Amino acid sequence: MGFLERLREEQNRLVADVREEDDDRPIKWIVGVDVSYHGDQMYAAAVSMDKSDLEPVSVATIHGPVGFPYIPTYLAYREFPGIEAAVSRLPDRPDLLMIDGHGRLHPTLFGIACHVGVRLDIPTIGIAKHLLAGRLERSPAGQGSARPVSIQGRVQGYAWIPPGRSRPIFVSVGHRISLETAAKIVRETTRQGYPEPLRVADRISRALTKGEKRKKGVAR
DNA sequence: GCGACAG
DNA sequence: ATCTTGTCGC
């Protein structure tokens with residue numbers, strides 16, 4: 001059996017561990033984590049903020065060699081090492097992790113947000129800019145612009161157009177949270193375009209790669 | 001077999 | 001994700 005087939009087997013095994021019930025503990029520290037690349041190096045940033053004011057409280061960054069290529073539906077095997085390392089450098093354990101990429105909106109119902117959540121045993125939400133799997137349903141009456149996304153007839157996520165953005169973002173459960181709560185928290189943490197923890201994490205991780213370019217004298 | 005395909 | 005100039009629009 002090939003390498004990717006083995007990884008697919010692992011996904012199909014671990015998907016049974018995903019929990020979609022809300023956690024008991026209240027959510028105070030929300031962490032956004034994102035990864036950027038420069039050549040064969042990856043840079044990850046984890047940003048922790050208090051849910052009540054969305055002000056960054058702590059930041060952790062790492063960089064290291066890229067160990068896996070980008071292959072659609074296997075994103076976690078590329079990004080998990082960086083995510084894990086950055087999150088573990090934070091002074092406090094996150095109450096909730098926001099991941100750039102899908103959770104249950106995945107062909108195996110086990111996208112990177114589920115992968116990170118299960119392996120770190122932390123509640124996670126998947127937030128992505130493009131759809132990978134699933135079908136957009138008609139907007140239900142009353143729901144503010146959020147459209148359900150279904151896989152095999154089951155709602156696994158929502159497409160939502162945040163203020164200040166023209167295209168939707170896609171929200172799905174990663175681990176230890178309900179889809180409704182995930183959607184609510186995404187709305188509450190979005191000021192413009194994308195949830196604040198992810199916006200800041202993205203900005204920081206990308207700044208790290210830019211800094212690397214300057215060091216090496218790459219043209220600007 | 002063909003097309004589509006998170007970051 | 002990253003590479004990349006100008007260009008359209010608020």
Side-chain angles (χ1 to χ4, degrees), chain A residues 4-5 7-8 11 14-15 18 32-46 61-87 97-119 124-136 149-152 156-175 179 182 186 192-195 197-214 216-220:
Chain A
L4 288 184
E5 285 79 72
L7 297 183
R8 184 68 87 213
Q11 292 175 324
L14 292 177
V15 69
V18 172
V33 59
D34 193 29
V35 183
S36 296
Y37 301 87
H38 179 238
D40 58 4
Q41 291 288 304
M42 62 163 37
Y43 297 78
T61 66
I62 62 95
H63 73 94
V66 174
F68 198 92
Y70 170 67
I71 305 172
T73 74
Y74 298 93
L75 179 64
Y77 296 98
R78 177 170 169 85
E79 302 205 332
F80 179 80
I83 290 173
E84 139 96 279
V87 170
L97 255 184
M98 289 184 161
I99 303 293
D100 214 314
H102 295 291
R104 304 222 75 188
L105 283 176
H106 182 278
T108 67
L109 303 181
F110 195 71
I112 186 171
C114 301
H115 196 115
V116 172
V118 166
R119 294 198 58 169
T124 56
I125 299 176
I127 297 134
K129 304 172 197 67
H130 304 279
L131 201 54
L132 173 67
R135 199 191 80 180
L136 252 61
V149 182
S150 299
I151 295 178
Q152 293 164 18
Q156 298 288 5
Y158 285 111
W160 175 58
I161 303 179
R165 186 186 170 92
S166 54
R167 305 185 301 100
I169 64 176
F170 302 89
V171 181
S172 61
V173 168
H175 187 47
L179 177 57
V186 167
Q192 176 207 347
Y194 220 56
L198 285 178
R199 281 196 109 203
V200 178
D202 174 78
R203 183 210 140 278
I204 293 175
S205 70
R206 217 152 49 212
L208 294 174
T209 72
K210 303 261 178 64
E212 197 56 32
K213 284 186 182 180
R214 292 176 61 235
K216 295 189 174 179
V218 173
R220 284 170 284 174

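Just so it is clear, the structure is predicted and the values come from calculations on it, not from any experiment. Each chain gets a letter, A, B and so on, in the order the sequences are listed, and its residues count up from 1.
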A/Arg206 near the nucleic acid: base, sugar-phosphate alone, or nothing, with a heavy-atom cut-off under 4.0 Å? sugar-phosphate
Report yes if the side chains of A/Gln41 and A/Val66 come closer than 4.5 Å at any heavy-atom pair, otherwise no. no
A/Ile83 side chain near A/Ile112 side chain, heavy-atom distance below 4.5 Å: yes
For residues A/Ser172 and A/Phe170, determine if any side-chain heavy atom of one lies less than 4.5 Å from a side-chain heavy atom of the other. no
Roughly, in whole Å, what's the span from CD in A/Gln41 to C1' in C/dA1? 15 Å
Mind calculating the distance between NZ (A/Lys210) and C1' (C/dA1) to the nearest angstrom? 12 Å
Test item: A/Pro162 and A/Ile169 side chains (from C-beta on) under 4.5 Å apart, heavy atoms: yes
Inter-residue atom distance A/Leu75.CG - A/Phe80.CZ, 0.5 Å rounding: 12.5 Å
A/Ala113 versus A/Gly103, closest heavy-atom pair with distance: CB-CA, 3.7 Å
From A/Leu132, A/Val173, A/Val149, residue fulfilling side chain to side chain contact (heavy atoms under 4.5 Å, CB included) relative to A/Leu105: A/Val149
Dot-bracket for DNA chain B: what is it, with Watson-Crick or G-U pairs under 3.5 Å, [ ] where a pair crosses earlier ones, and | for a pair to another strand? .......
Hey, can you pull the residues of residues 98-106 of chain A with a non-hydrogen atom under 4.0 angstrom from DNA chain B? A/Asp100, A/Gly101, A/His102, A/His106
With a non-hydrogen cut-off below 4.0 angstrom, is A/Tyr37 in contact with a base, only sugar-phosphate, or nothing? sugar-phosphate
For a quick check of understanding: with a heavy-atom distance under 4.0 Å over all strands, which category does A/Phe80 fall into, base, sugar-phosphate or nothing? nothing
State whether a side-chain donor-acceptor pair under 3.5 Å links A/Tyr37 with A/Glu79. yes
Ring-face cation of A/Arg8 near A/Phe110 (centre distance under 6.0 Å, axis angle within 45°): no
Given side chains that start at C-beta, do those of A/His106 and A/Thr73 come closer than 4.5 Å, heavy atoms only? yes
Centre-to-centre under 6.0 Å for A/His115 and A/Tyr77, is that the case here? yes
How is the base pairing of DNA chain C summarised as a dot-bracket string, given the Watson-Crick and G-U wobble criteria with both distances under 3.5 Å, [ ] for crossing and | for another strand? ..........
What is the 5' to 3' range of DNA chain B, first to last nucleotide, that sits under 4.0 Å from any heavy atom of chain A? B/dC5 to B/dG7
Value rounded to 0.5 Å, distance of NZ in A/Lys129 from CZ in A/Arg165: 7.0 Å
Each nucleotide in nucleotides 5-10 of chain C should get exactly one letter: B, S or -. Can you fill that in based on protein heavy atoms under 4.0 Å? ------
Applying a 4.0 Å non-hydrogen cut-off, can you work out what A/Ile71 is touching in the nucleic acid: base, sugar-phosphate, or nothing? nothing
Check the angle between the aromatic planes of A/Tyr43 and A/His63 and answer parallel, tilted or perpendicular using the 30° and 60° thresholds. parallel
A/Asp34: which residues meet the side chain to side chain donor-acceptor pair (under 3.5 Å) condition with it, sequence neighbours left out? none
For the CD1 atom of A/Ile204 and the OG atom of A/Ser36, what is their distance to the nearest 0.5 Å? 10.5 Å
With no hydrogens and no angle check, do the side chains of A/Tyr194 and A/Asp100 hold a donor and an acceptor under 3.5 Å apart? yes
